Amino acid sequence: QLQLHESGGGLVQPGGSLRLSCQASERLDYYAVAWFRQPPGEEREGVACIVGTRDDYANSARVRLNVSRDYGKKTVDQQMNKLSPENTDQYYCAAATVIGQAVHLCVAEAAATGYSSWGRGVQATVTS
């Protein structure tokens, strides 16, 4: 089974940036990969995804986030800019195979149940 591991979280001041990285155990050519956030006590919510040449972002995060993929390193990164305390969340990467799918697409705000592989998550804390 595909294994995922997030890194790059930590503590940052308001207005600062973090770059999260999702390291996969195999090439991601045949996967849609998504980033989710989970505020304390709330449900997990998708914020970004990438598959093939397509990517998508949640409306609330579009101006702050950028997701990128490196096939050689088997990583999907999420650059987060202009962070505020409201962005203090646990962040997860997730993947779903697209083998057999005629159309490759992803929707950032799609339900978490659509993804079969998950990392353990990483904490991002924004505070002064």
Side-chain angles (χ1 to χ4, degrees):
Q1 184 178 349
L2 176 68
Q3 304 292 317
L4 303 174
H5 178 71
E6 303 95 338
S7 62
L11 184 67
V12 65
Q13 294 184 348
S17 300
L18 286 173
R19 188 175 183 90
L20 308 181
S21 182
C22 178
Q23 179 69 61
S25 61
E26 60 187 77
R27 288 180 61 89
L28 297 167
D29 305 60
Y30 302 108
Y31 290 91
V33 181
W35 284 96
F36 287 77
R37 69 180 181 94
Q38 187 168 28
E42 299 184 22
E43 295 183 352
R44 201 166 296 181
E45 181 181 22
V47 295
C49 64
I50 185 169
V51 58
T53 61
R54 304 182 182 187
D55 54 19
D56 190 44
Y57 301 90
N59 288 333
S60 62
R62 191 174 303 274
V63 299
R64 298 186 298 102
L65 300 184
N66 184 63
V67 66
S68 60
R69 178 183 54 231
D70 190 315
Y71 285 117
K73 295 181 179 179
K74 298 179 289 186
T75 58
V76 173
D77 288 359
Q78 179 170 266
Q79 180 71 36
M80 306 192 298
N81 300 319
K82 300 179 180 179
L83 293 169
S84 71
E86 296 177 345
N87 304 129
T88 295
D89 298 315
Q90 190 82 2
Y91 287 86
Y92 299 84
C93 65
T97 183
V98 296
I99 295 176
Q101 296 290 323
V103 179
H104 296 177
L105 60 86
C106 68
V107 178
E109 296 175 330
T113 53
Y115 293 88
S116 57
S117 299
W118 290 83
R120 291 183 176 181
V122 63
Q123 179 69 32
T125 301
V126 185
T127 182
S128 60

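Nothing here was measured: the structure is a model prediction, and the numbers come from that model.
- With hydrogens and angles left out, the side-chain atoms of Tyr31 and Glu26 include a donor and acceptor closer than 3.5 Å.
- Side-chain contact between Val76 and Leu28 is present, with heavy atoms from C-beta onward closer than 4.5 Å.
- Here the closest non-hydrogen pair linking Arg37 and Glu45 is NH2-OE1, 2.6 Å.
- The nearest pair of heavy atoms linking Thr53 to Arg69 is N-NH2, 4.5 Å.
- To the nearest 0.5 Å, the span separating CG on Leu105 from CG on Asp55 amounts to 12.5 Å.
- Residues Gln90 and Phe36 fail the side-chain proximity criterion, which asks for heavy atoms closer than 4.5 Å.
- Distance OG/Ser117 to CG/Leu4: 5.5 Å, rounded to 0.5 Å.
- Side-chain N or O atoms of Glu109 include none that pairs as donor or acceptor with a backbone N or O of Val47 at under 3.5 Å.
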Let's go through Thr127 and Thr88 carefully: what are the C-alpha distance in whole Å and the side-chain angles of both, what is the deciding distance for side chain to side chain contact (heavy atoms under 4.5 Å, CB included) to 0.1 Å, and is it a yes or a no? CA-CA 8 Å; Thr127 182; Thr88 295; 5.9 Å; no
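- The CD atom of Gln23 sits 12.0 Å away from the CD atom of Gln3 when rounded to the nearest 0.5 Å.
- Hydrophobic clustering of Ile, Leu, Val, Met, Phe, Trp and Tyr side chains at less than 4.5 Å, counting indirect connections, unites Val33 with Tyr57.
- Residues Leu2 and Leu20 are members of one and the same hydrophobic cluster, defined by side-chain heavy-atom contacts under 4.5 angstrom among Ile, Leu, Val, Met, Phe, Trp and Tyr.
- In this structure, His104 places its NE2 atom where more than 12 heavy-atom neighbours from other residues, nucleotides or ligands lie under 6.0 Å away.
- Under the 4.5 Å side-chain heavy-atom criterion for grouping Ile, Leu, Val, Met, Phe, Trp and Tyr, Trp35 is connected to Leu65 within one hydrophobic cluster.
- Between the Gln78 side chain and the Cys49 main chain, no donor and acceptor come within less than 3.5 Å of each other.
- Side-chain atoms of Ser7 and Arg19, non-hydrogen and from C-beta on, never get closer than 4.5 Å to each other.
- No hydrogens or angles considered: nothing links the side chains of Thr75 and Asp70 as a donor-acceptor pair under 3.5 Å.
- The shortest side-chain heavy-atom distance between Lys74 and Ser25 does not fall under the 4.5 Å cut-off.
- No donor-acceptor pair closer than 3.5 Å links the side chain of Asn66 to the backbone N or O of Gln79.
- The shortest side-chain heavy-atom distance between Tyr115 and Cys106 falls under the 4.5 Å cut-off.
- Side-chain atoms of Asp77 and Val67, non-hydrogen and from C-beta on, never get closer than 4.5 Å to each other.
- Closest of all the heavy-atom pairs between Ala108 and Ala58 is CB-N, 3.5 Å.
- Between His5 and Cys22 the shortest side-chain heavy-atom distance does not fall below 4.5 Å.
- Glu6 places no side-chain N or O within donor-acceptor distance of the main-chain N or O of Ser21, the cut-off being under 3.5 Å.
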- Given side chain to side chain contact (heavy atoms under 4.5 Å, CB included), test Gln13 with Val126 step by step and report yes or no. CA-CA 5 Å; Gln13 294 184 348; Val126 185; over 6 Å; no
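- Remark: Arg44 qualifies as a cation-pi partner of Tyr92 under the 6.0 Å distance and 45° angle criteria applied to the six-membered ring.
- Taken together through direct or relayed side-chain contacts under 4.5 Å among Ile, Leu, Val, Met, Phe, Trp and Tyr, Met80 and Val12 form part of one hydrophobic cluster.
- Within the 4.5 Å cutoff, the side chain of Asp89 has no heavy atoms near those of the Glu42 side chain.
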